[in-house]
Each structure stands twice: as C-alpha cells, then as structure tokens.
Undergrad: 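Okay, handing you the structure first.
Hydrogens, waters and symmetry mates play no part in the numbers below; they use all other heavy atoms, side chains included. Chain A is the first sequence line, chain B the second, and so forth, proteins listed ahead of strands; every chain is numbered from 1.
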Amino acid sequence: MPELPEVERAARIARRAALGKTLARITLLHPSLLRRVTPPQLHALVGATVAGVLRRGKHQLLELEDGRTIHVHFRMAGDWHIGRVDDDLPRQARATLEFTDGTRVSLVDPRALSTLSVHEVGDSPLPELGPEPSDPALTPSSLRAALARRNGPIKPVLLDQRIIAGVGNIYASEALWRSRISPRASASGLRTARLASLLAALRDVLGPAARLPGRYKAARDSARIAVYGRAGKPCRRCSRPISRIVQAGRSTFFCSSCQRS
DNA sequence: CGTATCCTGACC
DNA sequence: GGTCAGGATACG
C-alpha cells in the first residue's frame, strides 16, 4: 500500500483517532515488532497523551506531550485500522494502541515488515531524509546538485530517501514516464530543464501532500497509474508496449519508445 | 554497485 | 512449487 500519498492519508486517519487522547495500553501481536522496541519501553507509554501526528516522507511520528515520539514505518504493506477496544481485532493486526476513551488504533500489516519504535527526548526518530516534495526549497537546480555525485541510473536513485523523501517504486516509474525520461538515464547527467519536468511530474503524481503550497491540481485522473504493472500493454502516449526491467532488485515499468535517456 | 534479508499472502 | 510484492538496510 504505502507511498507518500497513502502514508499522508494514514497519518490523517491516525491524527483524527488519536490526537489529544491518552494511551491506556499498547500490545504487540507479532514478534517482528520487537526488532525496534522493548516491552518496557511500551509499558512506559501508558498515561502519555498524543500531542501531534506528523508525516515526514513515508514515516509517521506520534508526538507525545512529554516530548517522547512513537515512530512508525509501514514498509511495504502496513496500514492503520481504527476501531473500539471491544471490537474483534482486524485480521493481521500486528500491534494495537488503545486509548482511555476506548479508541483502538491497530497497526495491520499482512507481511509484518512494519516497524515501530519509541524515542526519548533528544533522540531523533528519523533517518537522514531529503526534502519533502512540497518543500519550495526543492528546485530543479537543488535536485541537480543532489544528483551530481550519483553514478547510476536515475530510477533507483529516486528511491533513495535522501534525495527526495517519500518517493516510492510506483510513483518513481510514473513520474519518469510523465516526464519522458528513461529510468536508465544517468542520474548525474540529467540537465536542469529535464529535472524541472521530473520534479513537476513527481509533485503531480504524489498528490496534494506533495504539491507546492497554494497550488491546486484539478483533475485526479484515473490514469494516475499509467505504466506501473502494465508490462506488454500499450503505452498511453504512443501505443507501443510497456517494458518491465529490474533495477536494484525492483521492478521498473517504462516505455522504451517515448522515454529517452 | 548488486544481493540477501526481514515476513506473509496472492497468484501462476 | 515458484515468483512476486507500493521498503529499507546490512552486507560483500
């Protein structure tokens, strides 16, 4: 499920469910969650109140009034499910956050790759991340500078969260298709004009949360996914078949006819 | 740089 | 049974 637009939506849902509420109980339902958090850390959260729910890239931060932070990353398949403490647990619930008002926020994840960690005051919960797509300081020339020392093809580099936070495998392919740039084009070789169109395409395809402040985009066409998963089907621009290749272990979909290096 | 790894489920 | 999966990281 989750790239930036889906995580943005999830963070909103969590915010509506949890903001201002006080934790009554946190339960881990799958041992994979123990990779980043200990039961004592979780028990110590009881009684804390959620002061804010933020998204940064694909990361979610539940900021507590006392300055601690709960960090959640959905990885490939995580999502929130909101319910009440006496509801049946959703299938594949991996952790639950229960609040004193009876709200239950469940982390559901069929693959159990999601991570949850607790950070004390002064302990930064986030890894090194590039700018948000919506950051006005992100410009074609700043992007060019960020790519200057990168050797390989552009598509895998776009997945590096230190370049632009929140770009994932689907929308990387989509943005390259929209800007007619080959996924195999050299990252450091792209000139500012082409990066301007790539950046515009990324902001467009990543949805409202990725747009520059104050800019609207009217139509959310159903053709938002133009290439991903469409190997062999006709390109929506030139009708030639879409190709699938593997780069850095991930699928890339593109049109070898109208996307050029 | 590429590859393996963490997990489970869907699909061929 | 094998392959693939919208992510990230640890390795060689």
Undergrad: Of the nucleotides C:dA8, C:dG7, B:dC1, which has the atom closest to the A:Gln161 side chain?
TA: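 Comparing C:dA8, C:dG7, B:dC1 against the side chain of A:Gln161, the answer is C:dA8.
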Undergrad: Can you tell me which stems DNA chain C forms, taking runs of 3 or more consecutive Watson-Crick or G-U pairs with both distances under 3.5 Å?
TA: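 B:1-6 with C:7-12, B:8-12 with C:1-5 - these are the stems of 3 or more pairs that involve DNA chain C.
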Undergrad: Does A:Arg236 qualify as a cation-pi partner of A:Trp177, given the criterion of NZ or CZ under 6.0 Å from the six-membered ring centre and within 45 degrees of its axis?
TA: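 Not flagged: A:Arg236 not positioned over aromatic ring of A:Trp177.
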Undergrad: Looking at residues 28-40 of chain A, who's got a heavy atom less than 4.0 Å off DNA chain C?
TA: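 When residues 28-40 of chain A is checked for heavy atoms under 4.0 Å from DNA chain C, there are no hits whatsoever.
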Undergrad: Using the P atom on both, measure C:dA8 against B:dA10 and round to a whole Å.
TA: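 After rounding to an integer number of Å, I get 23 Å for this pair.
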Undergrad: Looking at residues at least two apart in the chain, or sitting in another chain, which of them share a salt bridge (charged side-chain N to carboxylate O under 4.0 Å, His left out) with A:Arg104?
TA: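 Partners of A:Arg104 by the salt bridge (charged side-chain N to carboxylate O under 4.0 Å, His left out) criterion, ordered by chain and then number, come out as A:Glu98.
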Undergrad: Looking at A:Arg244, I'd like to know whether one of its side-chain N or O atoms comes within less than 4.0 Å of OP1 or OP2 on C:dA5.
TA: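 Result: yes.
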Undergrad: Please work out if A:Gly168 contacts a base, only the sugar-phosphate, or nothing of the nucleic acid, heavy-atom cut-off 4.0 Å.
TA: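 Sugar-phosphate, no base atom in range.
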Undergrad: Looking for any heavy atom pair under 4.0 Å, which part of the strands does A:Thr115 touch: base, sugar-phosphate only, or nothing?
TA: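 Contact class for A:Thr115: none.
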Undergrad: Looking across every strand, which nucleic acid part, if any, lies under 4.0 Å from A:Arg162 by heavy atom: base, sugar-phosphate, or nothing?
TA: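 Answer is nothing: A:Arg162 stays at 4.0 Å or more from every strand.
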Undergrad: Between N or O atoms, less than 3.5 Å apart, protein on one side and nucleotides 10-12 of chain C on the other: list the pairs.
TA:
none

Undergrad: Give me, pair by pair, the N or O atoms of the protein and of nucleotides 10-12 of chain B that are less than 3.5 Å apart, along with how far apart they are.
TA:
none

Undergrad: Rounding to a whole Å, what distance do you find between A:Lys155:NZ and B:dG2:P?
TA: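 Taking atom P of B:dG2 as the reference, NZ of A:Lys155 is at 12 Å.
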Undergrad: Just to verify, what does A:Arg68 make a salt bridge (charged side-chain N to carboxylate O under 4.0 Å, His left out) with, not counting sequence neighbours?
TA: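 For A:Arg68, the residues satisfying salt bridge (charged side-chain N to carboxylate O under 4.0 Å, His left out) (neighbours in sequence not counted) are A:Asp66.
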